[in-house]
> 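Provided herewith is a single structure, encoded as structure tokens, for subsequent inquiry.
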Amino acid sequence: MNNSSNHPLSLSLTALFTASLLAGCGEEPKPAPPPPPPSIEIKIGHLAPLTGGIAHLGKDNENGARLAIEEANAANIKIDGKDAKFIMLAEDDQADPKIGTTVAQKLIDAKVVGVVGHLNSGTSIPASSVYSAANIPMISGSATNPQLTEQGLKGVFRVMGRDDQQGPALASYLAANNKPKVVAVIDDATAYGEGLANEVEKFFKGANIRVLPREKGDDKRADWKAVLTKIKGRNPDVVFYGGMDATAGPLLKQAHELNMKAVFSFGDGACTANMVELAGAATEGMLCSQAGLPPAAASRKFLDAYKARFKIEPIVYSPFTYDAMQALIAAIKGANSPDPSKYLPVLQKIEFTGATGRIAFDEKGDRRDAEMSIFQVKGGKLAPIAIIKNGKTVTFDEFMAQANSAPAPADAPKGDAGKDAPAVEPAKDAPKAAAAPDAAKK
Amino acid sequence: MDIFIQQLVNGITLGAVYAVVALGYTMVYGIIQLINFAHGELVMIGAMVAFTLIGLLTSLGVPGLPAVVLATLCAMLVCALLGYAMERMAYRPLRGAPRLAPLISAIGVSIILQHLALLVWSRNPLAFPQVVKTESYALGGAAVTNIQIGILAISIFMMGGLAWLVYRTRLGTAMRATSQNPQMAALLGVDANRVIAVTFIIGAALAAVAGVMVGSYYGIAQYTMGSALGLKAFCAAVLGGIGNIPGAMLGGILLGVVEALGAGYIGDLTDNVFGSNYQDVFAFLVLIVVLVFRPSGLLGERIGDRA
């Protein structure tokens, strides 16, 4: 009985669907009625793991970059007098260093003029030399290993802070807020854990705070009671552990069983939702740090646009890949050319306000005054409590108030902060992946 | 003094875990002179199966303790089947082969089990359900938890039960006979294949219990948890005298205590030249010294070496 009306409806639905599909691909030229002006296609690559354990984070990164591309296309940017059409080629690097270099080459062969990625330090570092050899600039939105920009390669950038800024940031927060007299430092004897512990110890010693002799375990240890008992005998006010959540969880749980009163603190490897699960009630009040900002602290404009476009909340790094993509596009626009040799000098000097604050690079390609975030477990949830930038500490609430002072916040972001706290996966970083040998194999 | 008592408590708990795992190594070695390197993986599989089942049972509304007991029994069953399958497929066909062949096949089984667990339970560290709430008690200045007491009690019970089985039952007599001389035992009517299979089954079931204990104590289960634990337990078995059941218990407890005291006091004794990360070095140094003076371990091998 509804046959007559059914057909047109389904037809129009199909048409709509096809149209939206085409729009989603962003490759088909729109059937614009006026004669097409001379146009130029600019291809930019994006790389992140889209399969495997951290596929959800990879997709989040891709969404951030895609949003920037779509906004640029909507803005009708003209490059060299021609209508610029930005096309994003998204590839899956599977968080695997070997696959990372292979897909990097694939993108170079596809004539991309720049790259946003990779997600992991472990993939970014080997791939960076591939891009550099081909003179293709890359900007990672989430790689934190210092080595990435320490190789002296041209055109390698990141919009995220470095691991070696994290230790001092956390230590300065602890020194200012907990005012410890004695601090104990433990590490898991991996490049990541020991490196972070060294930075923390250096800061405390510089601040004339007594640091107990370093205790060490290894990255497979489950039993920390002996070490903890020894530390307990020295009554430290603060304990820092450099390691991943798989060992930090049991450590914190056992400290709780030994009735230790000290405040426990960790780096980003143990600043995860999984940590709260592993150590349960023992995590209450623990402090930890992460490079970058929690996504809830990204600009309201970005958060609204992201939600409107993808119908979900940003997970972790998408504000950073959004800024990375924006930086590339702005540099191309500024140089009035997609030629890497022409826009690279512009990119090096670029300065604008992105979703994560001011974007500018130093000579090495690291972001100037990158933020570090301090988290605390409150009520069983990891919640951001402070942002450290330029050596200055601002509480998270103040930071959010400043960020949102201009546009009236539609919905209070503070309540969501805990829920949105990033869950950094253990496989995120090269030395960490090396710490868990099988994680690197994939 | 409080610290010293606490370190002793830490060491004894750790040692009890080593001892229970060491029992599995020593039983199998005692009967067919095979080092079953896959035993550590059985501990891991036991923990993983229990992890899944406890989660399932508690979500069905089964209260904490019965859920743990039920899950443990199921894990014992799964591990027992696995132990039997292992013996049937990887070890029995190689029984007449040179001694290295079954050793390599044991390493192979260990790798297969580890990767099987990786496929089923992922590579992430899993939070082992804490259905029994951890309570801390003060004991002479040291903190002891109910889980620690439970581990100690279960370990002692298991060791006692096993000793009873081996020295007081017909099956135990058959085991010891097979261990001394399989051909002779077979001539006298002992079904050696059956006895060896039962040994594997019992060892695997004990491994499952050890897995649940380790999981609940540390609150974590991961597909790699078996290998490090297995290695330590193997050393404990050698320290006590491999093939000897009381030896495995003694070796396990001793290794645990030496490790804990090592971690606690090496730094002080060496003015922090060596830190707590040398606790393993310290433990193995003790192992080497013991083996230099008593090559067959503390309680020795009562059965003469037939090789």
Side-chain angles (χ1 to χ4, degrees), chain A residues 52-54 186-189 194 212-234 244-260 272-282 425-427 433 436-442, chain B residues 2-7 9-11 13-14 17 114-115 118 122-130 133-136 138 142-145 147-148 214-215 217-225 227-229 232 256 259-268 271-273 275-280:
Chain A
I54 53 172
I186 315 173
D187 71 60
D188 67 354
E194 192 177 333
L212 295 173
R214 180 77 59 89
E215 299 293 339
K216 279 175 187 290
D218 58 63
D219 58 339
K220 288 180 192 66
R221 172 148 310 166
D223 195 295
W224 293 92
K225 280 224 164 133
V227 166
L228 289 168
T229 302
K230 181 181 173 191
I231 289 177
K232 190 188 173 192
R234 313 279 149 91
M244 306 301 290
D245 53 9
T247 45
L251 180 135
L252 188 54
K253 185 172 176 284
Q254 287 161 32
H256 190 69
E257 286 170 13
L258 290 170
N259 298 321
M260 290 181 74
T272 66
N274 204 22
M275 177 74 186
V276 181
E277 240 174 81
L278 288 175
E425 303 289 320
D438 290 290
K441 268 193 244 156
K442 173 104 210 333
Chain B
D2 292 358
I3 301 284
F4 182 74
I5 294 171
Q6 183 71 58
Q7 293 291 25
V9 170
N10 299 339
T13 322
L14 184 62
V17 173
Q114 219 180 86
H115 282 82
L118 167 65
S122 89
R123 65 179 73 245
N124 298 328
L126 306 169
F128 201 86
Q130 303 287 297
K133 206 175 169 306
T134 307
E135 310 258 8
S136 245
V144 185
T145 66
I147 306 277
Q148 278 179 311
V214 173
Y217 184 37
Y218 299 122
I220 194 168
Q222 197 172 13
Y223 77 104
T224 50
M225 67 190 275
S227 34
L229 185 64
K232 284 282 172 61
E259 265 187 34
L261 294 182
Y265 295 101
I266 293 177
D268 300 349
D271 199 20
N272 292 314
V273 177
S276 47
N277 48 329
Y278 286 85
Q279 73 175 72
D280 286 356

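Keep in mind that what you see is a predicted model, and the values were worked out from it rather than measured.
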> Do the side chain of Asp245(A) and the main chain of Ala248(A) share a donor and acceptor less than 3.5 angstrom apart?
no

> To the nearest 0.5 angstrom, please state how far the CG atom of Asp218(A) sits from the CG atom of Asp280(B).
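Answer rounded to 0.5 Å: 6.5 Å.
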
> Rounded to the nearest 0.5 Å, what separates atom NZ in Lys232(B) from atom OG in Ser227(B)?
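The NZ atom of Lys232(B) sits 11.5 Å away from the OG atom of Ser227(B).
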
> Given a strict heavy-atom distance threshold of 4.5 Å, which part of Glu215(A) is in contact with chain B: side chain, backbone, both, or neither?
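The answer is both parts of Glu215(A).
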
> In terms of heavy-atom proximity below 4.5 Å to chain A, should Gln7(B) be classed as side chain, backbone, both, or neither?
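For Gln7(B), heavy atoms of backbone and side chain both lie under 4.5 Å from chain A.
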
> Could you have a look at Phe128(B), Tyr218(B), Tyr217(B), Tyr265(B) and say which one has the most heavy-atom pairs with chain A under 4.5 angstrom?
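Counting heavy-atom pairs under 4.5 Å, the top option is Tyr218(B).
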
> Using non-hydrogen atoms only, which part of Asn259(A) is less than 4.5 Å away from chain B: side chain, backbone, both, or neither?
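When you check distances to chain B, only side chain atoms of Asn259(A) fall under 4.5 Å.
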
> Checking Tyr278(B) against chain A: side chain, backbone, both or neither under 4.5 Å from a heavy atom?
neither

> Under 3.5 Å, is there a donor on one side chain and an acceptor on the other for Lys232(A) and Gln6(B)?
no

> In terms of heavy-atom pairs under 4.5 Å with chain B, which of Ala189(A), Pro213(A), Ala222(A) leads?
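Heavy-atom pair counts peak at Ala222(A).
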
> Leu126(B) versus chain A, heavy atoms under 4.5 Å apart: side chain, backbone, both or neither?
backbone

> Could you state the interatomic distance from CE (Met244(A)) to CG (Asn274(A)), rounded to the nearest 0.5 Å?
10.0 Å

> Can you tell which part of Gln279(B) gets under 4.5 Å to a heavy atom of chain A, answering side chain, backbone, both or neither?
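Side chain only.
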
> Has Thr247(A) got a side-chain atom pairing as donor or acceptor with Lys220(A)'s backbone, closer than 3.5 angstrom?
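A pair under 3.5 Å: no.
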
